[in-house]
Visitor: 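Structure incoming, see below.
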Amino acid sequence: MLDAPSVTPGTSAPRSRRELREEAARLSRSAARDEVLSAPAQPVATIPAAFAAPAPAPVPPAGPIPQAGPIPQVAAVPQAVPAGPKRPKARARTAPAAPTKPQIGVAPGRPRRSAKHVSRTTGAALAITALVVGTALPAIGLVHAQDGNASTTSAASDIRAQSFTASSGVLPDVQVHGTFTATTPTELSAMQAATAAAAKTGVASIAKPGQVIYPMAAGSYTLTDGFGAPRTGRSHMGQDFAAPIGTPIYAAADGCVTMSQESYQGYGVSVEIAHPALSGSNAVSTLYAHMEYGTRAVQVGECVTAGQFLGRVGNTGWTVGSCLHFEVHINDSAIDPLAWLESNVF
C-alpha cells in the first residue's frame with residue numbers, strides 16, 4: 001500500500017517522499033560544508049586519477065523520511081577526497097665514479113726545476129769532473145826514474161815467472177800431409193805456369209820455382225865427356241849426360257826461352273834459355289842439345305821455371321851416342337857447366 005503524502009503544518013502544499021529525500025541530502029551537504037569551512041585550511045594533495053578512490057554511491061534511507069518545508073537552494077561544494085598512500089620515488093642509478101690516479105705534487109715551498117736549469121747544472125758538474133781528472137792524471141803519471149826501473153824489473157820477473165814451456169810428452173800428435181811454403185805473387189805466378197806446363201806436356205816439374213838443379217833427374221843419366229874434352233878441330237864446350245833416347249830433360253833454372261829449333265848447327269834439336277834472375281851484372285844462359293825430334297815442349301818467348309819439362313834425350317846433330325849436351329854461358333862465353341852446377345844447385 002503506498003504511503004500517503006506527508007503534510008507539514010504551516011505549509012501551503014504537501015511534499016512527496018522524493019522531495020523529502022532531496023531536502024535531506026541538501027541538509028547533509030550543507031552540514032558537511034559548514035564543517036569544512038569551520039576547519040582550518042590544510043594542503044590538499046592532488047592524487048592522480050589512476051590512484052583516486054571511486055566516490056561512494058548514495059544510499060537511500062531505510063524508512064520514510066518526513067516531509068519538510070521548502071529547502072533553500074545552496075550551491076554545491078565539492079567534497080574533499082582524502083589522499084591515498086604515497087608511493088616512494090625510485091632512486092636514480094648513477095654510475096660509480098672512475099678511480100682517479102694519485103696526483104704527485106711538489107712539496108710546497110720547493111719550486112720545480114725546469115729542464116733548462118737541470119741541463120745547465122749537469123753541464124757544470126761534467127765540466128768540474130773533467131777539470132779534476134785532467135789535473136790529477138798528469139800528477140799520477142809522474143814517476144821517478146828509479147821507480148820506473150824498479151817497475152820494469154818487477155814486470156820482467158813476473159813475465160819470467162809466468163812463462164811456460166810444454167814438454168814433448170804433452171804436445172799434440174800432428175800429422176803433416178804435403179809440403180807447405182809461403183810464396184810471393186811472383187812465385188805463385190811461376191808455380192801456376194809450371195803447373196799449366198805440366199798439364200800440357202803430361203810431365204810434372206821436379207823442382208820449385210827459384211831453384212837451380214841438374215837438367216836431368218838423379219839416377220837417369222851418366223856423366224861422360226866433360227868440358228874441354230878433345231874434339232876434331234876444337235875442344236868440347238859442355239857436359240854430356242848419357243841416357244837412353246826418350247829420357248826427360250828439365251830446365252836448370254827459371255828463365256825465358258831465347259832459341260828453340262829442330263836443327264841448330266851441329267847441335268841438332270836444341271833449346272836455349274836466358275836466366276835474368278841469376279845474371280846480376282853478367283848474362284847467364286843455358287843450352288840443351290841433341291834432343292829427340294818432335295819432343296820440344298817450349299817455344300821462343302815462353303818463360304819456364306826450374307824443373308819444367310823441355311824435351312827428351314835424342315841422338316841428333318854431331319854425336320856418337322844418345323845424350324844431352326848441356327852448356328852454360330856467361331856473357332856469351334862457355335864455362336864449365338859441371339862446376340857451375342856444383343856451385344849453384346840448391
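Start at 1 with the first residue, then count along the sequence. FYI, side chains are in, hydrogens and waters are out, and symmetry mates aren't considered; it's all heavy atoms of this structure.
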Visitor: Do Gln211 side-chain atoms and Lys208 backbone N/O form a donor-acceptor pair below 3.5 Å?
Guide: yes
Visitor: Does Thr319 reach the main-chain N or O of Thr316 with its side chain, forming a donor-acceptor pair under 3.5 Å?
Guide: no
Visitor: Would Gln308 and Ile206 count as a side chain to side chain contact (heavy atoms under 4.5 Å, CB included) if you check the C-alpha gap in whole Å, the side-chain angles of each, and the deciding distance to 0.1 Å?
Guide: CA-CA 7 Å; Gln308 183 173 331; Ile206 62 172; over 6 Å; no
Visitor: Give the minimum heavy-atom separation between Ile273 and Thr258, together with the two atoms involved.
Guide: N-OG1, 4.2 Å
Visitor: With a 3.5 Å distance limit and no angle check, can you tell me whether Ser260 reaches the backbone of Val271 through a side-chain donor-acceptor pair?
Guide: no
Visitor: With no hydrogens and no angle check, is any side-chain donor or acceptor of Glu262 less than 3.5 Å from a backbone partner on Gly294?
Guide: yes
Visitor: Any side-chain to backbone donor/acceptor pair from His236 onto Gly226? Under 3.5 Å, distance only.
Guide: yes
Visitor: Any donor-acceptor pair under 3.5 Å linking the side chain of Ser343 with the backbone of Ala339?
Guide: yes
Visitor: Do you know which two heavy atoms are closest between Tyr250 and Gly307, and how far apart they sit?
Guide: CD2-O, 3.1 Å
Visitor: So for atom CG, which belongs to Asp332, do other residues, nucleotides or ligands contribute more than 12 heavy atoms lying within a distance under 6.0 Å?
Guide: no
Visitor: Taking Gln261 for its side chain and Val269 for its backbone only, find out whether a donor-acceptor pair lies under 3.5 Å.
Guide: no
Visitor: If only side-chain N and O atoms count, and only distance matters, is there a donor-acceptor pair under 3.5 Å linking Ser285 with His275?
Guide: no
Visitor: Please report the interatomic distance CD(Gln239) to CD(Glu327), rounded to the nearest 0.5 Å.
Guide: 11.0 Å
Visitor: Which pair of heavy atoms, one from Ala207 and one from Ile213, lies closest together, and at what distance?
Guide: CB-CG2, 3.7 Å
Visitor: Consider only side-chain N and O atoms of His325 and Asp240, and report whether a donor and an acceptor are under 3.5 Å apart.
Guide: yes
Visitor: Quick check against the 3.5 Å criterion: does Ser322 have a side-chain atom that pairs as donor or acceptor with the backbone of Ala243?
Guide: yes
Visitor: For the atom pair CD1 (Ile330) and CG (Asn282), what is the distance rounded to the nearest 0.5 Å?
Guide: 6.5 Å
Visitor: Which of these passes ring pair (Phe, Tyr, Trp, His ring centres under 6.0 Å) with Phe326: Tyr214, Tyr221, Tyr288, Tyr267?
Guide: Tyr288
Visitor: Might you point out which heavy atoms bring Pro276 and Ala274 nearest each other, and give the distance in Å?
Guide: CD-O, 3.3 Å
Visitor: How long is the span from the CD1 atom in Ile335 to the NE2 atom in His329, to the nearest 0.5 Å?
Guide: 9.0 Å
